[in-house]
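Read the structure below first, then the notes.
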Amino acid sequence: MGVSTHTLADYSSLVAPARLFQAFCFDAQNFMPKAVPDFVKSLDVIQGEPGSVGSIRQVNFPEGRPFKYAKNRIDEVDAGKFYSKYTTIEGDVLGENKECAVYEVKFEPKGDDATTQWWCTTTPRETM
């Protein structure tokens, strides 16, 4: 099994891309539990400043979800292009077969609204 990439989301929003980007990248610990409480119980900044490259955030999932948590490292942030890249480096979301999952998120203007593209690349664990 090799590296695979797939689109997670491609949708439109009435919210401007700059506002979405700010909420998702720099205020996620406050925004995500409120915006999607059925998916995110809490989001804790474990290391670094929120949204800064190299920082690590832990997403804790609500009871009844198939996973408990995921630790994500912020790899790249381009505020001018509303682009963010982060890697899941730990957590039961990776299962036993994946070494890591790299996510890229881009918010783009579409008139007064925004489109969001979110894709993921997974890398399998080395097999012996």
Side-chain angles (χ1 to χ4, degrees):
M1 179 181 3
V3 173
S4 65
T5 301
H6 56 278
T7 300
L8 296 177
D10 192 354
Y11 56 90
S12 296
S13 171
L14 297 177
V15 179
R19 189 168 176 199
L20 282 173
F21 179 77
Q22 177 68 29
F24 181 79
C25 290
F26 299 106
D27 197 31
Q29 67 278 6
N30 297 312
F31 173 70
M32 297 299 282
K34 292 175 187 172
V36 287
D38 292 339
F39 184 68
V40 176
K41 179 180 177 181
S42 65
L43 196 149
D44 304 314
V45 178
I46 304 297
Q47 176 181 312
E49 294 296 316
S52 65
V53 173
S55 64
I56 297 176
R57 305 188 290 200
Q58 180 170 313
V59 179
N60 300 298
F61 301 106
E63 289 285 323
R65 287 288 174 185
F67 308 113
K68 292 181 182 178
Y69 80 100
K71 279 190 183 176
N72 300 320
R73 180 190 63 231
I74 308 298
D75 299 320
E76 190 175 336
V77 175
D78 187 332
K81 294 183 180 178
F82 310 124
Y83 170 84
S84 176
K85 180 178 179 180
Y86 64 96
T87 302
T88 299
I89 56 173
E90 182 182 312
D92 52 356
V93 297
L94 293 172
E96 294 184 17
N97 298 326
K98 293 182 183 70
E99 182 71 30
C100 66
V102 178
Y103 298 88
E104 296 178 75
V105 183
K106 181 157 180 58
F107 303 97
E108 295 184 316
K110 183 179 178 185
D112 292 335
D113 305 332
T115 60
T116 301
Q117 296 175 329
W118 197 341
W119 58 99
C120 174
T121 302
T122 57
T123 303
R125 292 192 190 279
E126 293 291 325
T127 57
M128 294 188 197

Inset, instruction - Only pairs at least two apart or in different chains count here, so list each side chain to side chain donor-acceptor pair (under 3.5 Å) that has a residue in residues 14-29. - result: D27-N30
Legend entry - Listed partners of Y103 passing ring-ring contact (aromatic ring centres under 6.0 Å, His included), at least two apart: Y86
Legend entry - side-chain contact (heavy atoms from CB on, under 4.5 Å) involving P17 - partner list, sequence neighbours excluded: F82, F107, P109, A114
Inset, instruction - Each residue besides I89 in its hydrophobic cluster should be listed here, by chain and number; the cluster joins Ile, Leu, Val, Met, Phe, Trp and Tyr at side-chain heavy-atom distances under 4.5 Å. - result: I46, I56
Inset, instruction - Applying side chain to side chain donor-acceptor pair (under 3.5 Å), name anything that partners D78, two or more places apart in sequence or on another chain. - result: none
Inset, instruction - Go through F26 and F21 one step at a time and tell me if the ring pair (Phe, Tyr, Trp, His ring centres under 6.0 Å) criterion holds. - result: CA-CA 8 Å; F26 299 106; F21 179 77; 5.7 Å; yes
Legend entry - Sequence-distant partners of F39, ring-ring contact (aromatic ring centres under 6.0 Å, His included), two or more places apart: F61
Legend entry - For F31, side-chain contact (heavy atoms from CB on, under 4.5 Å) partners two or more places apart: A23, A35
Inset, instruction - Can you sort out the partners of S55 under side-chain contact (heavy atoms from CB on, under 4.5 Å), two or more places apart, ordered by chain and number? - result: S52, I74
Inset, instruction - For E49, enumerate each residue passing the side chain to side chain donor-acceptor pair (under 3.5 Å) test, keeping only those at least two apart in sequence or located in another chain. - result: none
Legend entry - Non-neighbouring partners of D75 that pass side chain to side chain donor-acceptor pair (under 3.5 Å), sequence neighbours left out: R73, T87
Inset, instruction - With sequence neighbours excluded, tell me which residues meet side-chain contact (heavy atoms from CB on, under 4.5 Å) with P62. - result: K41, R65
Legend entry - salt bridge (Lys or Arg N to Asp or Glu O under 4.0 Å) partners for E90, two or more places apart: K71
